[in-house]
There are 4 protein chains.
Amino acid sequence: MTTTSRSTRARLDALLRQGNEAMSPRMLRRVLQELRAIIDPRISEVEGGRRAMAMAAWYAGATPERRYDLWLLMSEMFVADQKKAAEAQARFAAALGTPDEAAAEVHYRRSTVSPRRRLLQRFSVYPGGVQFLVEMRAELQPHLRADRRLLALDVEMEYMFSTWFDVGFLDLQRITWDSPASLIEKLIRYEAVHEVKSWADMKNRLDSDRRCYGFFHPRLPGIPLIFVEVALVDEIATNVVPLLDESAAAVDITKATTAIFYSISNTQAGLRGVSFGDSLIKNVVDTLKLEFPQLRHFATLSPIPGFRSWLARQPEAQAELAGLDQPLQLAPKSPQRRFLMRSAARYLGTQFQEGKPLDPVARFHLGNGARVERLNWGGDPSSKGLKQSYGVMVNYLYDLKRLDRHRSQLAQGRIPMSGEIEGWLKE
Amino acid sequence: MTTTSRSTRARLDALLRQGNEAMSPRMLRRVLQELRAIIDPRISEVEGGRRAMAMAAWYAGATPERRYDLWLLMSEMFVADQKKAAEAQARFAAALGTPDEAAAEVHYRRSTVSPRRRLLQRFSVYPGGVQFLVEMRAELQPHLRADRRLLALDVEMEYMFSTWFDVGFLDLQRITWDSPASLIEKLIRYEAVHEVKSWADMKNRLDSDRRCYGFFHPRLPGIPLIFVEVALVDEIATNVVPLLDESAAAVDITKATTAIFYSISNTQAGLRGVSFGDSLIKNVVDTLKLEFPQLRHFATLSPIPGFRSWLARQPEAQAELAGLDQPLQLAPKSPQRRFLMRSAARYLGTQFQEGKPLDPVARFHLGNGARVERLNWGGDPSSKGLKQSYGVMVNYLYDLKRLDRHRSQLAQGRIPMSGEIEGWLKE
Amino acid sequence: MTTTSRSTRARLDALLRQGNEAMSPRMLRRVLQELRAIIDPRISEVEGGRRAMAMAAWYAGATPERRYDLWLLMSEMFVADQKKAAEAQARFAAALGTPDEAAAEVHYRRSTVSPRRRLLQRFSVYPGGVQFLVEMRAELQPHLRADRRLLALDVEMEYMFSTWFDVGFLDLQRITWDSPASLIEKLIRYEAVHEVKSWADMKNRLDSDRRCYGFFHPRLPGIPLIFVEVALVDEIATNVVPLLDESAAAVDITKATTAIFYSISNTQAGLRGVSFGDSLIKNVVDTLKLEFPQLRHFATLSPIPGFRSWLARQPEAQAELAGLDQPLQLAPKSPQRRFLMRSAARYLGTQFQEGKPLDPVARFHLGNGARVERLNWGGDPSSKGLKQSYGVMVNYLYDLKRLDRHRSQLAQGRIPMSGEIEGWLKE
Amino acid sequence: MTTTSRSTRARLDALLRQGNEAMSPRMLRRVLQELRAIIDPRISEVEGGRRAMAMAAWYAGATPERRYDLWLLMSEMFVADQKKAAEAQARFAAALGTPDEAAAEVHYRRSTVSPRRRLLQRFSVYPGGVQFLVEMRAELQPHLRADRRLLALDVEMEYMFSTWFDVGFLDLQRITWDSPASLIEKLIRYEAVHEVKSWADMKNRLDSDRRCYGFFHPRLPGIPLIFVEVALVDEIATNVVPLLDESAAAVDITKATTAIFYSISNTQAGLRGVSFGDSLIKNVVDTLKLEFPQLRHFATLSPIPGFRSWLARQPEAQAELAGLDQPLQLAPKSPQRRFLMRSAARYLGTQFQEGKPLDPVARFHLGNGARVERLNWGGDPSSKGLKQSYGVMVNYLYDLKRLDRHRSQLAQGRIPMSGEIEGWLKE
């Protein structure tokens, strides 16, 4: 009996003893047996897919507790045999530089594939299976912090998803008012930056002077994995209010010089860790340049979601902001307003966490090679805007010739920014 | 300096010393640098894809020798760091059963990913990149046996392809005479069983009493990865001649009880090792049952490509077949004809190689769960048919309720067969 | 100078003298010249189409008064030459039965084609031209009663439209929640029977137990000319409230026995006189029978729009309905409720106008061969329902085997009805 | 009893007496009854369409003689009532200029519609009905000259077709090697100018430096009504041989300045008299200019099909061409070659028939506004080319700014031509 198999038995015992209200030991054993049957090497891939589909049907009707147990079974009971893996690794290391190297690498490679991965793969066989996994992972995510046993399953799914949802397999599609109502409904639901108030609000965002693009995947038909809303304008937008004003007339797009990305939303929590945003923006820029050769500038008009809560933790802020009630009414040169602008520049231009920009939106755009371009007082006067950042918004500029230079600069710990932002920092 | 990096230098030196007419040392170094630039972690995936595309453009214009050198660079110079992998493996093994296990597994998993895999992944980013890799592998295949250094690259591609070309990502499409001419042209070119003589021949195979299905992948648009030709008939076909007769009238398909799979062809040598055939047949059976609920039997009419050459190696055959000139003219009860039929049954029903049926077509269908059903004298009287198997053809029967039972039986070393074949074996 | 040309001059003089604020005499002459240039026989059809498109562009920017003048020009100034037509007619009559007959008929046929028809035909050449004409006619319709000079243009358009919008050229398309948002928006706008209150209301009408079909024409892409909303239920629906209840669960359609057509709306006033409804319903019935072979009954749940106003004109109603305030609260056997039901049966089952059923909805369905099936007290308790018909609704039954029999019966002045309706009439 | 109804009876008697082997009097009466039932005003349009479909099914199985009788019935027995038409005409003429005029025109218009037209209309209702009529007319055409009784039916169909196949209802589609094989097969069959020798020949004509466009109609799906083959080149092509050379490399189309229309073929004999060619060429020119803004010249390379037979009828030709055996080998300045070129210029530049250019291809292109541009000795050295025109070909030039000017010039009896052609004429 190997270490691994003992370990396997121990894991199962632990699960069986857990005594919660979920699966009975008998049910746990039966479900484990069914999971193993899915990857039985004697059956065909198609048959394995059918068994996976049956398991998914069972899951659809299961209680949250039983679903949780299924996750544990999948995470704990399908580990690769470490003894074999270690042997294969040693053999490969010994073969380096010899004629047997490649064969040893092949052998080693196979030994590292966990049965868990084959299990997930079988779920991908039947139509709807990939969507099942994506939704299961979305459900599992909130439990990860509390129960580290689920991490292995989560990471395995992230790995499989990053292969399946490889950028090359995504379709960039323009979304218009002629797109399916069921798709527009999803945009309304998933919009994460500026809430969509009504169908008329959404129609305005698909007007003739707007563009909206999403990434789609053949296995999740009709579901935008991520989408971006773009306004075509003649200068860098500083305020989101006119962009969201349904009654505003459409701009003459033949004269537009600037594309403003004013909202980017991921829709699938289950695809966490699989990044599309970089690709989306670059593909959209290419598509826009083809349609509008006269476009010169590509920039965002972005929220600063972490600014206010960060500022609240800064000691000096208490004193400076004492008595501040209606920030939007501060005069341009008022000390409090200047303090807020300076602080925003400091927040965006100097704050890191684990080597990356602290603000999540900054992390995304700066990671793509953009730079911090301009701060806009009162850019989002909505209550959400006030709550996040005292209504301040920021433009990130995508200077297509400098994206890689900016990325390198960021990798060295310096946040790329415009002279205007540097000015605020020096003040 | 680590073992691995010394090893890397040694590999490069070996390549540099090779002194063939292909790349100069300077060019080798430059191309290596460009390959490394593709996976530079400081650049974005999109930029990496652009660099990969540039490399593919260089490849398109390169000589065979230089292409060969590129393969060697990709295979030899992008090995995973074995020291790190061994450390990660040890850490994972130590963490088994502890709260750190999952994190250790994640770390270990990442350490086993070779830079070579990231390199291939970058080629998948740009449109046409996957097709480039598939075609490159097709080109590389014939050199594998002679130069084992290429094996690592080949296996890495096989691994990536088996993920990308996962059955769940394939589209089953019916091919008809209304399909694009460019696609029909590909069928004519790739048909591997019964050569297509003309467009009229192909049109006959797409007549109202036929069905043709192929698997397609979104990244290789318009290219059938594998396709099958089916005839709808009212009894199990025993002879391929009427099926290929362009002047024969179409059968009334409302009365068809039997679907005959009379030709299955893989088209992409570069996808060797990635199997679709099993899935294709099962999907086609499902599709046919939906369209024709009255279908009762699903069988092939198949060649026996290895029979004659195998028989030539059997000692007793020399004597038995002495003087045999025109096998098709043998009388039904003639000793030579009975000997040939008995031998064919023995070849198909008893001969193994490395645990699998010796005949390649038998290996495929039996592996899918079919059984050897019937031998057909004179089933393929063409010169190819005579050359392969004295004109004998075989039906494999797909009994949908017994596929998995047959697979188990085969796994135990017994080839599933009908009473008729058993009869030939007992004779 | 012929009679006709004098007449033409006289018509122009009349137009020139009209002295309203619209076109000046000079502009009238210029526009007439441009209209004539559209059908100049020396130019090609394509060039004619371009000139028509220019005229349509002018029209888009013109005032209502100038548009009106354009209609007059098109109606009055492009009459066929009556002298030639009379000659051709006489020649044809004389040739009847002789070998010259067919040639004479050809000549005659051509002489009857007015230049106005050629003018309209040229508008059909450019993309968008047919839609322009349909919208122009919708605009012109309200003026027909007051100014009979427009009648010729109106009738000519009706004639052309009935050819272009020939039922054979229409596409029946199912409309679902996956249809373009821009199309769903049109349904919401054009729904003429039960007002759509919101997108959620519309989504409910496209739920899994509903079907919605529209007729589309290649020249008016994305515009449903007419559409019908169908509910799949297990008995003939008697009340529209549950059908419009967004919170009601969808019915299990595999058990549905009955299709209820609960709303039919024409969308294009400009296509008045071109009837699609009959065809739509018959095509929808065929389509539904194909999808749901178990459907047994096809019926409407219809408003009775003219009932209340008709009843108000009946002398006896005053006395009977005195004091009626809340009709929905009348007890089943109350005299007033029975009076209303009897009266509704009389209205639908006996009242004609110009040989056709008086009620417009009855006229449509009975004209299609349906019969009056059942009266439903409180079927539409909305304020619109009360205003039209005291909330009473009616089912018309489409008994597919009796449609033509019913049509014949109707043609003889007898309205087809069920025994239940006959019962109300006898009471 | 009216004149017309007597005439109707007389027509039927004549048909009944005809005593051929076709329909018996009894069958004739029955078929006439069924035809009348199709337009029975008491039945719905949909039911009429079903009856028409039944008649088409009968026709499909009928002998040529019985089909002929059906044509006669349709042509002779569905004439409009001339007495009513004459009355309506008189009433209309009397109403001219009065307030009743428009109503009288409406009444008159309706009286001129023959029952035959309603009959044809009903055939358009069912899918496949329009195609049935188009094919029936193609079958009827060869009999028109001998039997003038069929003319009325033929003209009625031409009229209906010219409405249904109105240019505005046609779709211009590009045809490529990716188009359906069934469509490419039709091109091969219908190509009327330069016979297609094989699928490889056709593929060459769809190469990257070619364009092929066809007009399609929604009611004849998959059938190109007319198609044109275009070569993109860098100067006006003078010889068709290189264009048809399958082994020739494709031209770099980014440098093409000239589009050569080297083959235009109508495919449906049943659509005779309905012209698409003009529109096709103009639409194709617009489409090409959009794709290739650098195109400067649009010209044909055309056969001169009537030249040789015309020349054979010219008295002087006998003497001039005596002894001419191998025209292609004539030296450039030889008297015979110059005579042939001069004669070709005379044929194309001066010969009329009924007011239109004598040569049918010239008639088409000059009618579209092109001019005779250049004569090409040896342009088509095939046996067909020699037989038609001693191998001489001609370019017609489409000078987009002068098309209408050229048409006017042609209408005045002068054929537009280049200086080069004028030179030949003066010689």
Side-chain angles (χ1 to χ4, degrees), chain B residues 57 60-61 127-128 131 171 173-191 195-214 216-225 227-230 244 246-247 249-250 252 254 263 265 267, chain D residues 57 60-61 127-128 131 171 173-191 195-214 216-225 227-230 244 246-247 249-250 252 254 263 265 267:
Chain B
Q131 189 166 348
D171 285 323
Q173 287 178 19
R174 186 172 162 203
I175 303 170
T176 72
W177 188 238
D178 289 328
S179 297
S182 53
L183 171 56
I184 305 293
E185 188 184 28
K186 290 190 185 80
L187 298 194
I188 294 175
R189 187 195 313 151
Y190 290 132
E191 159 67 63
E195 191 196 355
V196 181
K197 294 188 211 77
S198 65
W199 284 76
D201 179 0
M202 195 67 232
K203 187 181 178 185
N204 174 56
R205 301 183 194 203
L206 300 170
D207 205 352
S208 62
D209 60 346
R210 304 297 171 87
R211 288 295 179 274
C212 179
Y213 296 92
F216 293 78
H217 190 272
R219 299 301 301 277
L220 271 73
I223 298 178
L225 307 183
F227 62 94
V228 59
E229 299 165 38
V230 187
L244 301 181
E246 297 168 27
S247 64
D252 175 1
T254 63
S263 180
S265 304
T267 72
Chain D
Q131 189 166 348
D171 285 325
Q173 288 178 19
R174 185 173 162 202
I175 301 170
T176 74
W177 188 238
D178 289 328
S179 297
S182 53
L183 172 56
I184 306 292
E185 189 185 27
K186 289 191 185 81
L187 298 193
I188 294 174
R189 186 195 314 154
Y190 290 130
E191 160 67 64
E195 194 196 354
V196 182
K197 294 189 211 76
S198 65
W199 284 76
D201 178 0
M202 195 68 232
K203 187 181 178 185
N204 174 56
R205 301 185 194 202
L206 300 169
D207 205 351
S208 62
D209 61 344
R210 304 297 170 90
R211 288 296 180 273
C212 179
Y213 296 92
F216 293 78
H217 191 271
R219 298 302 301 277
L220 271 72
I223 299 177
L225 307 183
F227 62 94
V228 59
E229 298 164 39
V230 187
L244 301 181
E246 297 168 27
S247 64
D252 175 1
T254 63
S263 181
S265 304
T267 73

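Naming: A, B, ... by sequence-line order, numbering from 1 per chain.
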Next item on the list: Give a yes or no on whether E246(B) atom CD has more than 12 heavy-atom contacts from other residues, nucleotides or ligands under 6.0 Å away.
Entry: yes

Distance only, no hydrogens: is a donor on one side chain within 3.5 Å (strictly under) of an acceptor on the other, for E185(D) and W199(B)?
no

Between the OG atom in S179(B) and the CG atom in D178(D), the distance rounded to the nearest 0.5 Å is 11.5 Å

Closest non-hydrogen contact found for I184(D) with A181(B) is CG1-CB, 3.8 Å

